[in-house]
Every structure is written in C-alpha cells, then in structure tokens.
**Q** 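Sharing a structure, written as structure tokens. Questions coming.
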Amino acid sequence: MSEEMEQTLYLVLLLIALCSVSECVQRQYHFINEGKTWTEAQRYCREKYTDLATVDNMNDMNELNKCVTDGSGPYVWIGLQRKWQWSSGDPALYLNWGFKQPDGKDECAFMKNGQWEDGKCSDRWTFICSSSNNMSTGLVFVNQTMNWREAQSYCRQNHIDLVSVRNQNENQQIQKFISDSLISNNVWIGLFRDSWQWSDQRNFSFRYWSAGEPNNKAGNENCTAISTNSQGQWIDEFCDNQYPFVCHEDKLILIKENQTWSEALRYCRQNHVDLVSIHSEEMRRRVMNVVKAASTAEVWLGLRHSCTVGIWFWVSGETVCYHKWAPGNGTGEEDCENTVRSGAVQSGGGDQRWISRPETHKLNFLCSRY
C-alpha cells in the first residue's frame with residue numbers, strides 16, 4: 001500500500017472514530033438532602049449552582065432519579081411552579097400582597113387599599129387600563145364592572161392592557177390615582193396566575209405527573225415535587241412544606257458580549273472550558289433555547305473552517321458529522337484569501353440554522369462547561 005493510500009485510510013478511520021463520539025449530558029443534577037421550602041431551595045440552588053432542577057425529557061428525568069439517594073423521604077422538590085405574571089407578559093418581579101395573601105385558592109388579582117389580593121376571575125370589579133408606558137399619564141379608570149377576562153379584553157381593544165405594577169413607586173402612583181378618582185370598590189389589575197413554569201424560565205413542555213395530578217387538593221398547591229415511591233413522578237404540593245431538593249448546573253453559558261471568534265474562544269477557555277460544540281439534535285435544541293436570549297442576531301459556536309484541508313471542525317477536536325447549515329453555508333468552498341471563516345448559529349427565527357461568518361465579526365457567544 002502506498003504512503004498516500006495509507007494516509008487516506010488513516011484519515012477515513014479517524015473520521016469514523018470521531019463521528020462515534022457519544023454525546024455528554026448537558027445538565028448535571030445535584031441532590032441536596034436538606035429540608036427546605038420551595039423558595040428556600042430555589043435560593044440555595046441559584047447561589048450554589050444554576051437553579052432548581054429543570055427537566056426537558058425522559059432522559060433528564062432518569063438522570064435526576066439516579067442522583068436522589070435512598071432515605072431522602074417521600075418527596076423531593078424540583079423547579080416547576082405556578083407563577084403570577086402580568087397580562088402584558090412581563091414576569092411579576094415586584095409583589096405587594098396584603099396580609100395572608102395570596103391564599104392560593106384563586107387565579108386573578110385586584111387592588112384593595114393599595115395592596116393586592118387574589119380573587120375569583122369570575123368576580124366583577126371595575127378596573128384600570130394602561131394607555132402608554134408612562135405611569136403618570138397613562139392610567140385609565142373604567143367605571144364598569146367586568147370579570148377579569150372581560151376587563152383584559154376591554155383594555156386590549158381600547159387601550160394597551162390591564163395595568164402592570166413593576167415597583168413600589170408605580171404601586172403608590174396607582175393608589176393615588178384610585179384615591180383621586182374616588183374609587184371605593186376593589187379594582188382589577190393585570191396580575192394573574194399562569195400555568196406551570198420552570199424556575200429558570202426555560203420553555204419546555206415535558207411533564208411527568210402522577211395519575212390524577214396536579215390536583216391542587218389543599219387549595220394552595222403551587223409547587224412541584226417528585227414522589228420517590230413512584231419512579232419519580234410528579235405531584236403538586238404546598239410550597240411551604242420542607243423537602244430535600246434537586247439543583248441543576250447548566251453546561252451552556254450565553255455570554256452577551258460582542259467579541260470576535262478568537263476572542264470568544266479565549267474567553268471560554270479561560271473562564272469555562274470551551275466554545276460549544278454540537279454533535280446531536282438534542283444538543284442543538286438545548287443551544288436553540290439558550291441563544292434566544294442573545295443580543296445579537298447570530299451567536300458564535302466552536303465551529304471553525306480549515307483552509308488547509310477544506311473542512312469544518314469543532315474546537316473540541318471532532319469533525320462536523322452532524323450539522324444544520326443554512327442554505328448556501330458550510331457546504332461550498334469558503335473564501336480563504338481574505339479572512340478565516342467561523343461558524344455561528346442564528347439566535348432568532350424558528351429553525352436557527354448555522355451560518356459561516358468572517359471570524360472578525362463581533363457577536364455574542366456560547367461557552368460550554370465540559
């Protein structure tokens with residue numbers, strides 16, 4: 001066999017070996033065998049790791065179950081909770097509940113004497129719409145009684161939306177507006193309790209409820225625990241119960257700084273492990289979810305083009321066996337005379353394909369902790 005044929009055979013065998021590299025789990029779970037309320041567990045996980053455990057699929061669920069040790073008790077918290085949010089879609093970061101509120105029995109919020117209470121969405125109250133982003137001038141009192149959904153529709157059709165309250169100052173402005181308008185009854189605001197959401201805000205639809213769950217049996221079961229006696233299936237529980245819990249540590253970190261590809265590579269290797277490499281559809285879906293929060297239309301990956309041998313490769317050492325190039329990218333000859341080409345992923349749109357870009361472009365980038 002000639003030397004050239006031997007080199008070709010070696011390259012083919014190397015490519016086969018590299019394409020067989022197995023995919024690592026992109027989320028690591030940590031079981032904490034200390035009894036805490038759901039909120040205390042969330043705080044602990046955010047300080048020590050990334051957040052209370054998020055579960056995307058059955059593979060994740062199996063990994064999570066493996067880390068829960070014997071003797072943990074019947075229930076273990078994970079990061080799924082029913083949350084309050086504003087009609088505008090904004091999360092409820094500021095809350096001004098009255099005494100012993102919310103009681104957990106109802107889904108819509110009204111203001112009473114400057115504080116908030118949860119009430120039946122079918123109750124009929126007057127309400128306040130927002131007509132601009134300026135809280136001082138953008139408040140409209142509607143002196144008609146409607147249920148919460150009717151009030152929401154009215155505000156959206158005639159103004160912008162039911163009013164949102166983002167901080168203490170805005171709450172005081174609305175309270176003054178109610179007082180000046182001589183409003184004596186309860187007043188709907190745009191706060192309602194949405195469906196189940198993950199603590200880290202990830203948008204995954206995977207659920208693993210036990211039969212008959214969630215049932216809100218006690219009327220205030222807004223947090224999720226796994227049942228260690230039923231293969232880790234989920235139940236809804238009172239959030240102030242104290243259970244052990246599972247944290248997760250994400251292996252993908254979006255850096256919202258605009259840097260060249262080489263600068264991004266250096267940053268990831270100094271602060272984490274490397275620019276991210278993608279070898280499977282599951283990994284691509286994780287990347288797609290993370291890069292949605294980017295501030296640039298494209299995000300650097302650990303993808304590089306070699307003009308010497310005319311191939312794309314990952315900085316982790318593997319060749320590109322799995323790929324999702326946008327049309328006209330990654331398959332033809334690259335311009336090797338003017339600049340080195342590197343790979344990025346589109347941060348918006350439904351498909352988020354990969355694209356070839358000059359490495360001097362400045363983009364957000366995605367690091368991996370592997």
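Predicted model only: the values in this text are computed from it and were never measured.
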**Q** How close do Ser347 and Val291 get, heavy atom to heavy atom, and via which atoms?
**A**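 Where Ser347 meets Val291 most closely, the heavy atoms are CB-O, 3.3 Å.
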**Q** Determine whether a donor-acceptor pair (N or O, by modelled atom type, separation under 3.5 Å) exists between the side chain of Asn186 and the backbone of Phe110.
**A**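 Answer holds: no.
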**Q** Mind jotting down which residue pairs meet the salt bridge (charged side-chain N to carboxylate O under 4.0 Å, His left out) criterion with at least one end in residues 150-161? Sequence neighbours excluded, please.
**A**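 Found Arg124-Glu150, Arg156-Asp161.
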**Q** Does Gln231 offer a backbone N or O that forms a donor-acceptor pair with the side chain of Asn65 under 3.5 Å?
**A**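 Yes, the answer is positive, given that a donor and an acceptor are paired below the 3.5 Å cut-off.
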**Q** Could you tell me whether a side-chain N or O of Asp118 sits under 3.5 Å from a main-chain N or O of Pro102, the two making a donor and an acceptor?
**A**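 Judged by distance alone, no pair lies under 3.5 Å.
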**Q** Could you tell me if the side chain of Cys129 sits less than 4.5 Å from the side chain of Val142, heavy atoms only?
**A**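 Yes; the side chains approach each other to less than 4.5 Å.
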**Q** Side chains of Asp200 and Thr50: does their closest heavy-atom pair fall under 4.5 Å?
**A**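 Heavy-atom side-chain distance check fails, nothing below 4.5 Å.
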**Q** Do you know which two heavy atoms are closest between Trp234 and Val55, and how far apart they sit?
**A**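 Closest heavy-atom pair between Trp234 and Val55: CZ2-CB, 4.2 Å.
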**Q** Group every Ile, Leu, Val, Met, Phe, Trp and Tyr by side-chain heavy-atom contacts under 4.5 Å, then state whether Met111 and Trp188 land in the same group.
**A**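 Different clusters: Met111 never reaches Trp188 through Ile, Leu, Val, Met, Phe, Trp or Tyr contacts under 4.5 Å.
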**Q** Can a salt bridge be assigned to the pair Glu263 and Arg266 using a cut-off of 4.0 Å between side-chain N and carboxylate O?
**A**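 Salt bridge between Glu263 and Arg266, a charged N being under 4.0 Å from a carboxylate O: no.
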**Q** What pair of heavy atoms forms the shortest contact from Tyr208 to Met61, and how long is it?
**A**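 For Tyr208 and Met61, the tightest heavy-atom pair comes out as CD2-CG, 3.7 Å.
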**Q** Crowded around Asp180 CG? As in, over 12 foreign heavy atoms under 6.0 Å?
**A**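 Result for CG/Asp180: enclosed.
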**Q** Are Phe141 and Trp125 co-members of a hydrophobic cluster defined by side-chain heavy atoms under 4.5 Å apart?
**A**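 As far as the 4.5 Å side-chain criterion goes, Phe141 and Trp125 are not connected within one cluster.
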**Q** According to ring-ring contact (aromatic ring centres under 6.0 Å, His included), who are the partners of Trp314, at least two apart in sequence or on a separate chain?
**A**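 Applying ring-ring contact (aromatic ring centres under 6.0 Å, His included) to Trp314 gives His279, Trp354.
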**Q** So which atom in Gly114 and which in Asn96 form the shortest heavy-atom distance, rounded to 0.1 Å?
**A**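 Result for this residue pair: O-ND2, 2.8 Å.
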**Q** Are Leu93 and Ile174 connected, step by step, through hydrophobic side chains (Ile, Leu, Val, Met, Phe, Trp, Tyr) whose heavy atoms are closer than 4.5 Å?
**A**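 No, separate clusters.
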**Q** Please give the remaining members of the hydrophobic cluster of Phe238, linking ILVMFWY side chains under 4.5 Å, ordered by chain and number.
**A**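 Grouped by the 4.5 Å side-chain rule, Phe238 forms a cluster of one, so the answer is none.
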**Q** Starting from the C-alpha separation in whole Å, work towards a yes-or-no answer on side-chain hydrogen bond (donor to acceptor under 3.5 Å, both in side chains) for Asp123 and Asn147.
**A** CA-CA 5 Å; Asp123 289 344; Asn147 66 43; over 6 Å; no
**Q** Can you find a heavy atom in the side chain of Arg357 that is under 4.5 Å from one in the side chain of Glu298?
**A**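 Contact flag for Arg357/Glu298 side chains = yes.
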**Q** Can you tell me which residue among Lys120, Arg193, Arg149 is in a salt bridge (Lys or Arg N to Asp or Glu O under 4.0 Å) with Glu107?
**A**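 Answer after filtering Lys120, Arg193, Arg149: Arg193.
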**Q** Report yes if the distance between the aromatic ring centroids of Tyr154 and Phe127 is under 6.0 Å, otherwise no.
**A**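 Yes, they do, as the ring centres are separated by less than 6.0 Å.
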**Q** Can you tell me if Trp148 uses its side chain to pair, donor with acceptor, with the backbone of Ile189 under 3.5 Å?
**A**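 Present.
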**Q** Please tell me whether Ser316 and Asp274 have a donor and an acceptor in their side chains that are separated by less than 3.5 angstrom.
**A**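 The criterion, which ignores hydrogens and geometry beyond distance, is not satisfied for Asp274 and Ser316.
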**Q** Can you name the nearest heavy-atom pair linking Ser130 to His159, along with the distance?
**A**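 Scanning both residues, the minimum pair turns out to be O-CB, 3.5 Å.
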**Q** Cut-off 3.5 Å, side chains only: do Ser87 and Gln152 have a donor facing an acceptor?
**A**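 Distance-only check passes for Ser87 and Gln152.
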**Q** Between Asn364 (side chain) and Ser295 (backbone), is there a donor-acceptor pair under 3.5 Å?
**A**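 Present.
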**Q** Has the side chain of Thr228 got a donor or acceptor atom that lies under 3.5 Å from a matching backbone atom of Gly73?
**A**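 The answer is yes, because a donor-acceptor pair under 3.5 Å joins these two groups.
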**Q** Look only at the side chain of Glu170 and the backbone of Val165, and say whether a donor-acceptor pair between them is shorter than 3.5 Å.
**A**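 No: the side chain of Glu170 does not pair with the backbone of Val165.
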**Q** Do side-chain atoms of Asp250 reach the backbone of Leu252 as a donor and acceptor pair under 3.5 angstrom?
**A**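 Pair absent, no side-chain N/O of Asp250 close to backbone of Leu252.
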**Q** Go through the side-chain N and O atoms of Gln85 and Gln197 and say whether any donor and acceptor fall under 3.5 Å apart.
**A**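 Present: a donor and an acceptor within the cut-off.
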**Q** Apart from Ile253 itself, what residues make up its hydrophobic cluster, given side-chain heavy atom links below 4.5 Å?
**A**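 Traced through the cluster, Ile253 reaches Ile255, Trp261, Leu265, Tyr267, Leu275, Trp300, Val315, Leu363, Phe365.
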**Q** Would you mind checking if Glu257 and Lys362 are paired as a salt bridge, meaning a charged N to carboxylate O distance below 4.0 Å?
**A**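 Looking at Glu257 together with Lys362, the answer is no, because their closest N to O distance does not fall below 4.0 Å.
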**Q** For Trp198 and Lys83, work out which heavy atoms get closest and say how close.
**A**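 Minimum heavy-atom contact is O-NZ, 3.3 Å.
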**Q** Would you check if Gln346 and Ile355 make a side-chain contact, meaning some heavy-atom pair closer than 4.5 Å?
**A**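 When only atoms from C-beta onward are counted, Ile355 and Gln346 do touch, with a gap below 4.5 Å.
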**Q** With ring centroids as reference points, do Phe192 and Trp84 lie under 6.0 angstrom apart?
**A**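 No.
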**Q** Do the side-chain N and O atoms of Trp196 and Asp236 include a donor-acceptor pair separated by under 3.5 angstrom?
**A**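 On atom types as modelled, these side chains do not qualify, holding no pair under 3.5 Å.
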**Q** Do any N or O atoms from the side chain of Thr37 and from the backbone of Asn241 form a donor-acceptor pair under 3.5 angstrom?
**A**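 It does not hold such a pair.
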**Q** Would you indicate whether the side-chain heavy atoms of Val140 and Ile128 approach each other to under 4.5 Å?
**A**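 Side chain of Ile128 against side chain of Val140, heavy atoms only: no contact under 4.5 Å found.
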**Q** Report yes if some heavy atom in the side chain of Trp209 is under 4.5 Å from a heavy atom in the side chain of Gln233; otherwise report no.
**A**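 Sidechains of Gln233 and Trp209: no contact.
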**Q** For the pair Arg82 and Thr224, evaluate side-chain hydrogen bond (donor to acceptor under 3.5 Å, both in side chains) and give the outcome as yes or no after the intermediate values.
**A** CA-CA 9 Å; Arg82 286 205 299 170; Thr224 304; over 6 Å; no
**Q** Under a 4.0 Å N-O cut-off, is there an ion pair linking Asp56 with Arg286?
**A**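 Salt bridge: yes.
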**Q** Taking Arg341 first and then Glu359, would you say they form a salt bridge - that is, a charged N and a carboxylate O separated by under 4.0 Å?
**A**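 No, this pair does not count.
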**Q** Examine the side chains of Asn329 and Ser356 and answer whether a donor and an acceptor come within less than 3.5 Å of each other.
**A**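 No, no side-chain donor-acceptor pair sits under 3.5 Å.
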**Q** Could you go step by step and tell me if Glu249 and His30 meet the side-chain hydrogen bond (donor to acceptor under 3.5 Å, both in side chains) rule?
**A** CA-CA 8 Å; Glu249 185 178 11; His30 302 271; 3.1 Å; yes
**Q** Please write out which residues are connected to Phe245 in a hydrophobic cluster, directly or through intermediates, given that two of Ile, Leu, Val, Met, Phe, Trp, Tyr count as joined at side-chain heavy-atom separations below 4.5 angstrom.
**A**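 Members other than Phe245 - counting any ILVMFWY side chain reachable under 4.5 Å - are Ile32, Trp38, Tyr44, Tyr49, Leu52, Tyr75, Trp77, Ile235, Tyr243.
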**Q** Roughly how far apart are Gln81 CD and Glu237 CD, rounded to 0.5 Å?
**A**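 Output value for this atom pair is 13.5 Å.
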**Q** Filter on salt bridge (charged side-chain N to carboxylate O under 4.0 Å, His left out), then keep only pairs touching residues 30-41, sequence neighbours left out; what's left?
**A**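 Residue pairs passing salt bridge (charged side-chain N to carboxylate O under 4.0 Å, His left out), neighbours aside: Glu34-Lys36.
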